[in-house]
Peer 1: 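The structure follows.
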Amino acid sequence: MATSHSPASTPVSAAPGAAPLVRGYLCGHFDLIQIGDIDLVHAAKRHCDHLTVGVTTDELHVATTGGRPVVGHGDRREIVAHLRAVDVAVADAGQDIVATWRRLRFEVLFLGPQTESDGSSAELQAQLAPHGVTIVALAPGRETDSELIRAARRRLEPGRAA
Amino acid sequence: MNAINGLTDSRGSSAADTDVVGYVPGAWDMFHIGHLNLIKRARAQCDYLVVGVVTDEVLELAKNKRPVVPLAERLEVVRSMDLVDQAVTDLSSDKLVMWELLHFDLLFKGDDWKGTPSGDRLEATMNSVGVEVVYFPYTTRTSSTALRHQLAG
């Protein structure tokens, strides 16, 4: 079971002689968790053995979407920590990606559709390639059928790409 | 105790004969921390937890408003939580219907039902098939209402 209080450097060990476990890292907002978020973590878990999810701090949410999250960071992180596909949930304050890598030592960095579209993926690639990190861009998750949530998202996150 | 014949969870395992099976029905609309805490409490009291997700139609009849998130999505979100062994559609407000399918030992309900005529009827019905009704402090409705207001702007 995942817990949001685990140290970021949870040791991951493979059985002797087995292929080393692949650790992955995915960062996201996970505000009012819905099927698109579930799609992303499931897609990420298919590419790694141990998945750490970075949940954005409220400040980073404001900086990247232009609005405050509906659900505060602590609650968002606790819910993500209890997703079956997630091994560990940590806070992501938007720090330097190499610093995050030094802390978590992942082999795969997952990019949500947002990062792909804003052009920062090439930059991340350049920073992480020397450390042997593979970057995997994930397809967007499904959009919720809830009209109220879609409308609220457009209003509350004006800076977010569609 | 009991067996859930032919019913398996999303990981392909099923309840063992000796497991205490718990059932917690709810709307689970806009899944939030109150829901997670309810699931944690319920899971701590049983070996195998089945979460029932009430249909849009039943919720609309009971509360005079449709849920924000449709049934299929509410089911998927609940099913992806690690403490949930199985998520099913709650087919009827008559809990005997679900008991026939699931043969649970414990039924978890909000304590807003405790001591009410419907609560007494539910307890009598459930006790007749050997099920204990366990009440929890019911706080998720307020959170859902607050979220709904926040989303409506």
Side-chain angles (χ1 to χ4, degrees), chain A residues 1-6 28 30-46 50-51 53 55 58 67-89 141-158, chain B residues 8-13 27-44 47 49 51 53 55-56 59-60 63 65-87 139-140 142-153:
Chain A
M1 186 194 317
T3 161
S4 60
H5 305 297
S6 297
F30 300 94
D31 194 20
L32 268 186
I33 195 146
Q34 50 201 274
I35 50 166
D37 300 312
I38 308 293
D39 287 341
L40 283 183
V41 295
H42 283 167
K45 193 57 186 273
R46 281 195 289 275
H50 183 272
L51 178 62
V53 172
V55 178
D58 293 343
R68 288 194 68 77
V70 174
V71 180
H73 170 79
D75 289 355
R76 286 185 283 126
R77 193 169 85 176
E78 179 66 5
I79 289 169
V80 167
H82 278 282
L83 291 174
R84 191 172 287 126
V86 175
D87 294 287
V88 183
R142 285 165 297 168
E143 182 71 81
T144 176
D145 267 343
S146 169
E147 194 43 56
L148 184 60
I149 289 181
R150 282 152 64 157
R153 231 179 206 183
R154 288 191 293 271
R155 188 180 81 251
L156 298 170
E157 304 179 359
Chain B
T8 56
D9 69 18
S10 47
R11 288 165 297 181
S13 67
W28 316 104
D29 195 19
M30 298 175 284
F31 194 90
H32 56 70
I33 197 75
H35 294 140
L36 177 61
N37 288 335
L38 208 73
I39 286 172
K40 283 183 188 172
R41 293 183 71 145
R43 187 62 180 77
D47 303 307
L49 181 64
V51 177
V53 184
T55 63
D56 299 351
L59 287 173
E60 190 164 19
K63 302 183 176 181
K65 59 188 175 194
R66 287 187 83 76
V68 172
V69 179
L71 173 68
E73 296 183 19
R74 289 183 284 122
L75 256 173
E76 273 199 60
V77 170
V78 165
R79 188 169 283 147
S80 66
M81 304 308 295
D82 63 0
L83 297 175
V84 175
D85 295 293
Q86 192 186 343
T139 54
T140 66
T142 46
S143 320
S144 299
T145 306
L147 282 177
R148 200 184 267 260
H149 283 149
Q150 213 173 335
L151 288 178

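Letters A, B, ... are given to chains in the order of the sequence lines, protein chains preceding strands, and every chain is numbered from 1.
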Peer 1: Could you pull out the closest heavy-atom pair between A:R84 and B:R79, with the gap in Å?
Peer 2: NH1-O, 3.0 Å
Peer 1: Could you give the distance from CD (A:E78) to NZ (B:K40), rounded to the nearest 0.5 Å?
Peer 2: 3.5 Å
Peer 1: Is a side-chain donor or acceptor of B:S80 paired with a backbone partner of A:L83 at a separation under 3.5 angstrom?
Peer 2: no
Peer 1: Where does A:I35 contact chain B at under 4.5 Å (heavy atoms): side chain, backbone, both or neither?
Peer 2: both
Peer 1: Is any side-chain heavy atom of A:L32 closer than 4.5 Å to a side-chain heavy atom of B:L151?
Peer 2: yes
Peer 1: How far does CG of B:D82 sit from CG of A:D87, to the nearest 0.5 angstrom?
Peer 2: 10.0 Å
Peer 1: What I'd like to find out is whether the side chain of A:I79 reaches to under 4.5 Å of the side chain of B:M81, using heavy atoms alone.
Peer 2: yes
Peer 1: With a 4.5 angstrom heavy-atom cut-off, could you sort out which part of B:L36 is near chain A: side chain, backbone, both or neither?
Peer 2: side chain
Peer 1: Can you list everything that forms a ring-ring contact (aromatic ring centres under 6.0 Å, His included) with B:F31? Sequence neighbours excluded, please.
Peer 2: B:H35
Peer 1: Starting at CD1 of B:I33, measure out to CZ of A:R76 and round the result to the nearest 0.5 Å.
Peer 2: 11.5 Å
Peer 1: Heavy-atom pairs under 4.5 Å with chain B: which of A:V71, A:V70, A:I149, A:L156 has the most?
Peer 2: A:V70
Peer 1: Just to verify, what does A:T144 make a side-chain hydrogen bond (donor to acceptor under 3.5 Å, both in side chains) with, not counting sequence neighbours?
Peer 2: B:E73
Peer 1: Output the distance between atom CG (A:D75) and atom CG (B:N37), rounded to the nearest 0.5 Å.
Peer 2: 8.0 Å
